[in-house]
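So that the names make sense, note that chain A is the first sequence line, chain B the second, and so on, each numbered from 1. These values consider heavy atoms only, across backbone and side chains, with no hydrogens, waters or symmetry-generated copies.
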Amino acid sequence: MELISDSDDGDTSEWETDEDDGDERPPLNPPLPSASVAGPSQKVSEASSSRPDLVLHFMAMGFSEDMVVKAIEENGEGNTEAILETLLTHSAIGISPLKREQSPVDCTLSSDEDVLGDDLSDMSNFEYSSEDEEYTVECSDKDRKLSILIDMGFPADEASSAITRCGPTAPVLEIADSIHAAQLAAESALTEDDLFPSWSEDKPMASYACGSSVKNKRKYYEMKKMNERGCFLDRKKACFRQANMGDGFPSGSSIPKPMIGFSLPNQKMKPVNRMLPEAAIGPPYFYYENVALAPKGVWETISRFLYDIEPEFVDSKFFCAANRKRGYVHNLPIQNRFPLQPLPPRTVQEALPMTKKWWPTWDHRTQLNCLQTCIASAKLTERIRSALVNSEDPPPERVQRFVMNECKKWNLVWVGLHKVAPLEPDEMEMLLGFPRDHTRGGGISRTERYRSLGNSFQVDTVAYHLSVLKEMFPNGINLLSLFSGIGGAEVALNRLGIHLRNVVSVELSEINRNIIRGWWEQTNQTGNLIEIADVQHLNGDKLEQMINMFGGFDLVIGGSPCNNLAGSNRYSRDGLEGKESALFYDYFRILDLVKNIMGKSF
DNA sequence: AGAAGTATGAGGGCAACG
DNA sequence: CGTTGCCCTCATACTTCT
């Protein structure tokens with residue numbers, strides 16, 4: 001709710017100019033009073049008092065009120081697909097693109113004269129105790145074998161398929177042989193399709209050109225028209241339509257398993273030679289993130305909007321001790337990546353050594369599940385304790401099942417005899433790759449800490465992908481960070497040693513903005529940090545102003561709200577059109593604006 | 001009023017079956 | 001290829017406490 005609320009939560013809009021790099025200087029025009037001109041979001045909320053939700057739904061997609069009302073009258077309220085079809089058909093005749101609207105600018109700017117902090121000083125926050133005690137934990141046979149094979153240096157994807165090929169009972173050495181054999185056999189024949197069959201089978205790009213079917217003709221027409229006009233609204237509608245028709249990507253597009261992305265650190269994987277569509281190529285580079293297990297069709301839509309780039313699905317369990325299945329769409333190079341040092345521990349027992357002593361032999365977990373925004377109740381941990389106290393030492397099967405189910409569901413760890421507990425916020429910070437106490441203090445409540453951390457990037461994972469920027473931008477980068485949260489992107493870049501010259505950070509939550517600002521000041525940044533509260537207030541004029549000021553953005557990064565995509569949401573898992581998750585379209589809108597502005601003048 | 005505590009499954013992937 | 005069972009999921013709504 002806070003994500004969408006349009007209150008400007010008391011921004012003291014002021015420019016704090018300061019001496020800095022010298023070449024770039026912020027403009028000194030004072031911000032406009034918030035109430036002077038209505039921004040787009042205000043327009044919608046005004047209408048909400050007099051218009052039903054359905055009308056607003058389509059208005060939010062960019063259709064005019066008149067058109068929407070007419071379309072609903074034609075098709076009836078129940079048939080949203082038909083309504084959309086009508087709107088699209090009518091709009092294909094031609095409507096004016098979205099008007100740029102002047103909106104209030106709520107930003108503060110600061111800089112710091114201190115010398116750029118030594119990266120090592122930041123590293124001191126990442127002392128992982130690496131006690132090399134033997135701790136054998138049993139996990140599922142396949143996982144265990146997979147882990148061994150990965151440690152032996154085999155690519156995870158090949159190892160996984162070899163295990164399947166040889167059967168679950170095959171010894172590891174036999175599986176290793178099988179991988180060798182497969183590698184030899186495929187030496188010259190392995191293609192990208194073999195690695196990611198579900199996303200490349202249908203050749204979506206090629207299908208535009210050969211309009212053999214009616215659908216394809218329509219698609220071709222839309223693509224052509226889109227290219228001619230090249231405006232946001234057209235692309236949005238075209239993408240939406242294609243995704244809904246489900247004929248671009250395979251209907252049952254599945255996520256690659258194991259979820260390893262295009263590469264993992266310290267693994268010799270078959271290099272993926274991806275070809276980016278022309279429209280996808282920067283500048284700027286961009287990087288978009290969201291939950292991998294979104295409702296059906298969501299990633300197809302996201303991919304279509306983001307210039308038909310195939311998402312990179314990665315589970316952060318390959319980077320840290322917790323699962324975090326996420327999809328990333330980006331136009332970064334994927335060769336010569338390197339991981340952050342030191343490498344974080346990959347098991348719970350290493351990451352939280354104090355739990356080792358109390359970990360029962362029948363709890364086979366070596367990693368945690370996804371870190372979320374809420375924790376288990378004290379009542380539950382007490383029920384677990386009570387059940388164990390009243391059982392014999394190895395508890396009966398039934399009790400074990402109960403305890404394990406709850407432990408997995410709530411990510412409980414063992415902190416005493418028969419005692420489980422949820423993770424502490426600082427433990428989550430560590431697992432996610434943030435400096436200790438990153439979210440602590442400054443008036444943030446414990447509940448808010450959990451919420452902010454649960455919504456965050458896993459820093460090591462993102463940093464691995466962003467690492468390619470380091471040698472490309474030895475003098476640092478200008479960053480546009482949308483939905484910044486607690487600054488996962490900023491922290492990742494900083495830990496990579498990539499200088500942040502100018503950072504425009506857009507984040508609605510004042511609490512999170514305070515966290516970023518605190519981190520910024522604490523790490524002795526020498527660049528400029530500009531904070532903007534509402535992404536919907538960021539319009540073309542403002543972007544153009546900033547781009548002219550900075551000389552363009554080098555990276556546009558962000559993970560839009562997942563509220564309506566996440567499986568944990570029992571109430572409003574409405575997909576990309578959901579109240580909060582629809583802000584994805586603002587990510588695209590802004591990215592596309594930046595591309596267009598930079599394309600014109602750079 | 002804000003923070004903390006608590007209860008609340010559906011949806012979809014996957015593998016093992018027949 | 002349909003069925004079944006198992007598993008996991010960047011959360012929300014409501015109540016209680018301070």
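For T447(A), a side-chain nitrogen or oxygen approaches OP1 or OP2 of dA4(B) to under 4.0 Å. Under 4.0 angstrom from either OP1 or OP2 of dA11(C) there lies at least one side-chain N or O belonging to Q372(A). Taking side-chain N and O atoms only, R573(A) has no distance below 4.0 Å to OP1 or OP2 of dT8(B). For the pair S568(A) and dC10(C), the criterion of a side-chain N or O lying under 4.0 Å from OP1 or OP2 is not met. Note on N563(A): a side-chain N or O is less than 4.0 Å away from OP1 or OP2 of dT12(C).
Across all strands, A376(A) comes closer than 4.0 Å to no nucleic acid atom at all (heavy-atom distances). Contact annotation for R449(A): no contact, since no heavy-atom pair falls under 4.0 Å across all strands. Base engagement by S560(A) is indicated by at least one non-hydrogen atom pair under 4.0 Å involving a base atom. At a threshold of 4.0 angstrom between heavy atoms, the contacts of C370(A) are confined to the sugar-phosphate backbone, with no base atom among them.
The K296(A) side chain lies nearest to dG12(B) when the options are dG12(B), dC10(C), dT6(B). The nucleotide whose nearest atom lies closest to any side-chain atom of W410(A) is, among dA3(B), dT6(B), dT8(B), dT8(B). Residue T373(A) places its side chain closer to dA11(C) than to any other of dA11(C), dA3(B), dC10(C). Nearest nucleotide to the side chain of R446(A), out of dT12(C), dC10(C), dA4(B): dA4(B). Here the side chain of Y571(A) is nearest to one of dA3(B), dT8(B), dC7(C), namely dT8(B).
Of all heavy-atom pairs between S452(A) and I486(A), the closest is CB-CG2, 3.5 Å.
Rounded to whole Å, atom C1' of dC7(C) lies 16 Å from atom NE2 of H364(A). Rounded to whole Å, atom P of dG11(B) lies 15 Å from atom CG of L293(A). Atom NZ in K325(A) sits about 17 Å away from atom P in dG12(B), given to the nearest Å. To the nearest angstrom, P of dC6(C) lies 15 Å from NZ of K409(A). Distance CZ (F584(A)) to C1' (dC10(C)): 17 Å, rounded to an integer number of Å. What separates CD1 of I375(A) from C1' of dA3(B) is a distance of 12 Å, to the nearest Å. dT9(C) atom C1' lies 10 Å from atom CG of N569(A), rounded to whole Å. Atom pair L380(A):CG and dT8(B):C1' shows a separation of 13 Å (rounding to whole Å applied).
Both distances falling under 3.5 Å, in either a Watson-Crick or a G-U wobble arrangement, place dT3(C) opposite dA16(B). Nucleotide dT9(C) forms a pair with dA10(B), judged by Watson-Crick or G-U wobble geometry with both contacts under 3.5 Å.
Within the 6.0 Å centre-distance limit, the rings of Y328(A) and Y287(A) are counted as a close aromatic pair. Between H330(A) and Y288(A), the gap from one ring centroid to the other reaches at least 6.0 Å. Checked against the 6.0 Å centroid criterion, the rings of F313(A) and W299(A) qualify as a close aromatic pair. Note: F305(A) and Y585(A) meet the aromatic proximity criterion, with ring centroids under 6.0 Å apart.
If you run side chain to side chain contact (heavy atoms under 4.5 Å, CB included) between S386(A) and each of N390(A), I384(A), L388(A), only N390(A) comes through.
In this structure, Q367(A) contributes its side chain and V348(A) its backbone to no donor-acceptor pair below 3.5 Å.
Nearest-nucleotide positions on DNA chain B place A566(A) closer to the 5' end than the other of A294(A) and A566(A). For the pair L368(A) and S572(A), nearest-nucleotide mapping onto DNA chain C gives the more 5' position to L368(A). Of the two residues near DNA chain C, N564(A) and N369(A), the one whose nearest nucleotide lies more 5' is N369(A). If you find the closest nucleotide of DNA chain B to R570(A) and to S377(A), the one lying nearer the 5' end belongs to S377(A).
One donor-acceptor pair, N or O on each side, does fall under 3.5 Å between the base of dC10(C) and the side chain of R326(A).
Nucleotides dC14(B) and dC10(C) have their C1' atoms positioned 22 Å apart, rounded to a whole Å.
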